[in-house]
Amino acid sequence: MIRLSKIFRPFNAPPRNKLPKLLKNPNETASKGYKLLCQYGFIRQSSHGFYNILPMGHRIIEKLTKLLDHKMISIGAHKSYVPLLTKQSLWEKAGMYDEARDEFFEVDNRNNHKLVLSPTHEQTFSHLLSTELMSYRDFPKLLYQIAPKFRDEHRPKLGLLRSKEFLMKDLYSFDIGPKEADQTYQIVTEAYNDIFNSLGIKFMRVESAKESHVSMAHEYFYFSDIGDDRLYTCMACDSSYHASAVADRHTCPNCLKYLSEDGYFNAIEIGHTFSFGTYYSTRLGSCFVDKNCQRSPLHMCSFGIGVSRLVSACAEVCSTEEDELRWPLPIAPYSLCIIPPKLGSVEEKEIKLLLPDFYRLLEAIPSLSDDIVIDDRTEYTIGKRLVEAKLTGYPYILVIGKDALKSTPLYELFDLNHEKRYLMPKFSLLQFLIRATEMLSESSLKIAYLQNATTQQPSTDS
């Protein structure tokens with residue numbers, strides 16, 4: 001049984017519109033998501049631009065990581081790990097050191113070798129492929145990692161949206177030619193679309209500005225007024241672009257029609273895809289043996305999703321005007337929070353005896369296994385704990401109160417993401433949670449626990 005009282009969760013809910021002391025920079029209040037993540041015990045600032053991820057926040061990252069791993073495996077990508085420290089000489093060899101060094105954390109080892117805490121790993125993975133000469137038959141190769149990255153931001157702000165250390169899912173693909181690289185690019189693009197669609201938050205994929213070493217580039221965004229990026233949609237042809245990709249801000253590159261100011265909006269970048277052609281391969285020697293037994297440079301693409309940034313972006317976009325966090329069900333810290341009666345109340349003794357079996361019954365739903373937290377701080381009223389549960393944003397909150405002692409016990413369920421409240425008997429509750437969490441059939445439950453359940457349908461009070 002996962003008990004809320006055992007979780008390190010410094011919860012600080014100040015009066016609305018009051019600046020919490022833990023936010024040192026007044027400018028940070030522009031980000032509601034960052035404010036709420038700090039207040040409700042998901043993250044805590046360590047130093048300027050660096051953050052401690054607390055247990056509740058780490059639960060979200062673990063779930064997001066699992067979702068990403070599943071999708072990457074489904075397209076034939078394989079998880080790897082490379083050192084966070086990269087030789088400076090690799091960046092110089094790739095021709096990227098002078099351009100990027102302003103944002104590097106750099107160190108010297110005891111032998112005075114220059115090392116970089118990498119913000120990205122194109123150089124490292126290209127060099128890795130150069131150490132093994134393979135046949136054209138061995139490709140494509142898709143390697144990815146989910147690991148910390150470092151960037152010495154001049155103006156870190158908005159918490160995890162722009163921090164100096166961040167968690168990234170970065171994928172690197174290697175193909176034998178431009179046609180094959182384009183096919184891989186499309187496969188990963190579709191996987192990214194699936195990932196973002198599974199979170200249920202409206203997003204936009206746009207063509208972005210291409211640097212000299214990039215042959216194709218796209219970025220993914222959530223709409224938000226606090227976003228640093230400026231996008232536009234042409235009202236005439238419905239094409240969308242990053243503002244940096246538009247030479248004339250008044251003319252659509254696709255249909256050449258006038259761009260209305262109504263088509264511009266701010267957004268938060270959550271992912272990107274780049275095709276580099278042979279840029280890195282020719283500089284770092286990553287080659288393959290072609291059909292004519294000749295060495296040829298590999299075509300490389302890279303694909304990133306900012307994992308920690310995505311957590312913060314979800315908090316920003318989904319939180320309510322009442323300062324309540326909301327989470328997409330696949331990545332919520334816990335899908336279900338149970339609130340039992342207050343200590344010393346009339347119903348507390350009887351329900352306390354039934355609670356362990358009821359908890360095990362809910363845990364028997366495969367999608368809720370290890371995903372239920374019980375707010376066992378029974379020294380507080382149900383009302384106080386319910387308020388905190390709503391602020392935290394558990395998708396489902398189950399209150400076990402006086403109605404559970406009726407001849408036909410009823411349980412109060414709050415569906416936060418759909419703004420619904422239900423009163424229902426046990427069996428209806430189980431059916432609802434199975435459907436709501438996209439579960440298997442009823443037979444996946446431990447039938448022994450269902451023998452005494454009723455089949456009364458839920459009443460709803462929205």
Side-chain angles (χ1 to χ4, degrees), residues 1-7 9 11 13 56 59 324 332-437 439 442 444-462:
M1 187 178 291
I2 302 172
R3 300 178 183 274
L4 189 62
S5 64
K6 303 300 182 184
I7 298 174
R9 186 187 65 111
F11 194 92
M56 283 294 204
R59 285 274 304 184
E324 295 179 354
Y334 293 93
S335 295
L336 176 65
C337 175
I338 300 175
I339 302 178
K342 186 181 188 298
L343 182 68
S345 63
V346 174
E347 61 271 20
E348 187 257 340
K349 278 189 178 180
E350 190 169 342
I351 290 176
K352 185 177 181 180
L353 296 174
L354 303 174
L355 189 57
D357 282 343
F358 192 34
Y359 184 91
R360 285 193 291 269
L361 173 58
L362 293 167
E363 277 269 328
I365 300 175
S367 63
L368 291 179
S369 179
D370 298 321
D371 204 23
I372 303 172
V373 64
I374 182 166
D375 191 342
D376 60 330
R377 303 169 303 150
T378 53
E379 67 274 19
Y380 299 127
T381 64
I382 284 180
K384 176 179 173 59
R385 286 176 287 157
L386 178 59
V387 167
E388 285 195 13
K390 288 182 176 180
L391 292 173
T392 303
Y394 306 109
Y396 298 100
I397 304 169
L398 177 62
V399 175
I400 307 177
K402 294 177 181 178
D403 289 327
L405 297 181
K406 292 182 176 179
S407 56
T408 300
L410 296 176
Y411 302 90
E412 188 176 18
L413 184 72
F414 293 84
D415 177 354
L416 293 194
N417 288 346
H418 298 95
E419 300 182 341
K420 296 287 186 180
R421 171 186 171 272
Y422 301 95
L423 273 176
M424 61 183 81
K426 186 184 293 185
F427 187 72
S428 297
L429 172 67
L430 296 173
Q431 287 183 317
F432 180 93
L433 289 173
I434 289 170
R435 290 193 302 267
T437 54
M439 267 314 302
E442 218 173 281
S444 64
L445 296 173
K446 298 177 181 176
I447 301 302
Y449 288 119
L450 293 174
Q451 290 177 345
N452 297 321
T454 66
T455 57
Q456 182 177 333
Q457 293 301 309
S459 62
T460 179
D461 178 14
S462 58

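All residue numbers in this chain count up from 1 along the given sequence. This structure is a prediction, so every number in the text was calculated from the model and none was measured.
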In Å, rounded to the nearest 0.5 Å, how long is the span from CD1 of I434 to CG of L368?
9.0 Å
Closest non-hydrogen atom pair between T408 and P425, with its separation:
CG2-CB, 4.4 Å
State, to 0.1 Å, how close E347 and L405 come at their nearest heavy-atom pair, and which atoms those are.
CB-CD1, 3.3 Å
Quick one: does any side-chain atom of D376 pair with a main-chain N or O of S5 as donor and acceptor, under 3.5 Å?
yes
From CZ (R3) to CD1 (I338), nearest 0.5 Å
11.0 Å
Assess whether side chain to side chain contact (heavy atoms under 4.5 Å, CB included) is satisfied between K426 and L361, documenting all intermediate values.
CA-CA 10 Å; K426 186 184 293 185; L361 173 58; 3.5 Å; yes
Taken in chain and number order and not counting sequence neighbours, the residues that satisfy side chain to side chain contact (heavy atoms under 4.5 Å, CB included) with E379 are R377
Run the side chain to side chain contact (heavy atoms under 4.5 Å, CB included) check on K402 and V346 step by step: do they pass?
CA-CA 8 Å; K402 294 177 181 178; V346 174; 6.0 Å; no
pair L391-F11: side-chain heavy atoms closer than 4.5 Å
yes
Taking atom OG1 of T378 and atom CZ of R385, what is their separation to the nearest 0.5 Å?
6.0 Å
Neighbour count >12 (heavy atoms, 6.0 Å) for atom OH, Y359:
yes
With sequence neighbours excluded, what pairs up with A389 under the side chain to side chain contact (heavy atoms under 4.5 Å, CB included) test?
C337, I339, Y394, I397
Rounded to the nearest 0.5 angstrom, the CZ-CG distance for F414 and L398 is 10.0 Å
Return the minimal non-hydrogen interatomic distance between I382 and K342, and the atom names on each side.
CG1-N, 4.3 Å
Can you list everything that forms a side-chain hydrogen bond (donor to acceptor under 3.5 Å, both in side chains) with S335? Sequence neighbours excluded, please.
D371
Between atom CG of L413 and atom CD1 of I400, what is the distance when rounded to the nearest 0.5 Å?
10.5 Å
Go through the structure and list residues passing salt bridge (charged side-chain N to carboxylate O under 4.0 Å, His left out) with K384, not counting sequence neighbours.
E388
Between S407 and P409 the two heavy atoms that sit nearest each other are O-CD, 3.5 Å
Give the C-alpha distance, both sets of side-chain angles, the deciding distance and a yes or no for side chain to side chain contact (heavy atoms under 4.5 Å, CB included) between L4 and R9.
CA-CA 8 Å; L4 189 62; R9 186 187 65 111; 3.7 Å; yes
ring-ring contact (aromatic ring centres under 6.0 Å, His included) filter on F358, not counting sequence neighbours, yields Y411
Return the CZ to CG distance between R360 and L355, rounded to the nearest 0.5 Å.
9.5 Å
Nearest atoms (heavy-atom pairs only) where N417 meets P395
ND2-CB, 4.1 Å
Is there a side-chain contact between T381 and L386 in this structure, where contact means two heavy atoms from C-beta onward sitting under 4.5 Å apart?
no
Heavy-atom closest pair, residues R59 and D370
NH2-O, 3.2 Å
Salt bridge (charged side-chain N to carboxylate O under 4.0 Å, His left out) with D415: which residues, sequence neighbours excluded?
none
